[in-house]
Amino acid sequence: AAEPECIAHGPYFGLGGPGLTPVIFAPGVVSTQHHDDWIPVFSPVGRDVILRIVGKMDGENRGVLFTSRMDGSGCWSIPEALPFSGTSMDGGAAFSADGNRLFFGSKRPSNEDLGSNGNSRLWVSERKGKGWSEPELLDSPINSFNVNGGLSVAADGSLYVAMSIPGGVGGMDIYVVPSVDGRYPGFQPLKGDINTAATEVGPFADPGLRFMLYTLFTDGEPSIVLSLPDGAGGWSAGLPIPVLDERQPKFVGISPDGEVVFFVSHQQRDGSNPAASWLHGFFEGPAMADNADVYWVRADEVLSAAPGWAE
């Protein structure tokens, strides 16, 4: 049999681990000349990853979900678009705790309504062997609203999402969608001081709910902040994270092993990323001029820099 084509070898695309200061992650592989506007999402065992890249297709911007798998020899496969992605604006994704369900936001129409009213809604796909099932619109009342700004899944199956709902505290707020036997019949805004008149998006809930990282937009400027349980069933106001301040970061997540923080930044960079050869010809061109990139940094460096954090 022919040797499989590999884009890289070893954990984190052969890069080992991050350092103490944020740097672009996997240039030319994960961080491309396109608009990489979501963090890489690794499955709980770290052997497959979902990448989201935005580019021009048929004259319009489309968000496409790609997947790559690492085999037993450490070979990462050439990323391929998920069979159901590429016809709409698909958003950020998250694995269930067991890695067998993939949740993602999308503006795609559903069979029921043939439209989304411009809203992003949550969809779910089930793992089938080495592939994924055709996604279904999540049966949940949250999909009556604009679920647009990322999500994460806690160990108990609850979803943490950013939504814009009439009567909310700010432009977008963070909500929890509890799992009831694998279903999602209700939702509620997070209690405490976490939701403000500003805009909170991209929640990353620690699986054990010891902390939450999210993006806070204040006067249009993004920052990643840390919220801690307030002891009364709610969450604290966002605490600044100095190590990330200079990067104008947004959309944050932590690797399944808890060792790595990934985030996205539009920060101007010297030079440009190498073209991703695996993407050659897939898009007609970049989506926009201020392309975003994925950065990575040691998680303990991020968390220890936040006031009030204790391991």
ask   = Taking atom types as modelled, is there a side-chain donor on K107 or N119 under 3.5 Å from an acceptor on the other?
value = no

inquiry  = Do S236 and D230 pair up side chain to side chain, a donor and an acceptor below 3.5 Å, judged on atom types alone?
reply    =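 Side chains of S236 and D230: no pair found under 3.5 Å.
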
key: F84 ring center within less than 6.0 Å of F104 ring center   = yes

Any link between [X] and [Y] through a network of hydrophobic side chains (Ile, Leu, Val, Met, Phe, Trp, Tyr) touching at under 4.5 Å?
X	Y	answer
L65	F25	yes
V264	L151	no
F103	M212	no
I50	W278	yes
I53	L82	yes

N/O donor-acceptor pair under 3.5 Å between [X] side chain and [Y] backbone:
X	Y	result
R47	M70	yes
N61	V54	no
W38	F251	no
R62	G86	yes
S164	N146	no

inquiry  = Heavy-atom count check: over 12 atoms from other residues, nucleotides or ligands less than 6.0 Å from E80 CD?
reply    = no

Within the 4.5 Å heavy-atom criterion, are [X] and [Y] side-chain neighbours or not?
X	Y	value
S68	F13	yes
E301	P18	no
P229	W235	yes
Y295	S31	no
W132	P83	no
F282	F66	yes
K250	F217	yes
V169	P189	no

How close do [X] and [Y] get, heavy atom to heavy atom, and via which atoms?
X	Y	result
W76	D48	CZ3-CA, 4.1 Å
S227	Y214	CB-CE2, 3.8 Å
N100	D98	N-OD1, 2.9 Å

Value rounded to 0.5 Å, distance of [atom1] in [X] from [atom2] in [Y]:
X	Y	atom1	atom2	result
S125	E134	OG	CD	8.0 Å
R101	R127	CZ	CZ	13.0 Å
L303	L213	CG	CG	6.0 Å
L102	F95	CG	CZ	5.5 Å
M89	N148	CE	CG	9.5 Å

ask   = For W296 and Y12, what are the C-alpha separation, side-chain angles and deciding distance, and is it a ring-ring contact (aromatic ring centres under 6.0 Å, His included)?
value = CA-CA 11 Å; W296 69 332; Y12 299 118; 5.7 Å; yes

query = Quick one: do R52 and D90 make a salt bridge, cutoff under 4.0 Å?
reply =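 No.
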
message = Taking the basic N atoms (NZ, or NE/NH1/NH2) and the acidic carboxylate oxygens, is any pair closer than 4.0 Å for K128 and E126?
response =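 Result for this pair is no, no salt bridge flagged.
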
For L122, the option from V161, D139, V177 that meets side chain to side chain contact (heavy atoms under 4.5 Å, CB included) =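 Of V161, D139, V177, side chain to side chain contact (heavy atoms under 4.5 Å, CB included) with L122 is met by V161 alone.
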
query = Quick one: which of I241, V243, V297 gives a side chain to side chain contact (heavy atoms under 4.5 Å, CB included) with V261?
reply =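 When side chain to side chain contact (heavy atoms under 4.5 Å, CB included) is applied between V261 and each of I241, V243, V297, only V297 qualifies.
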
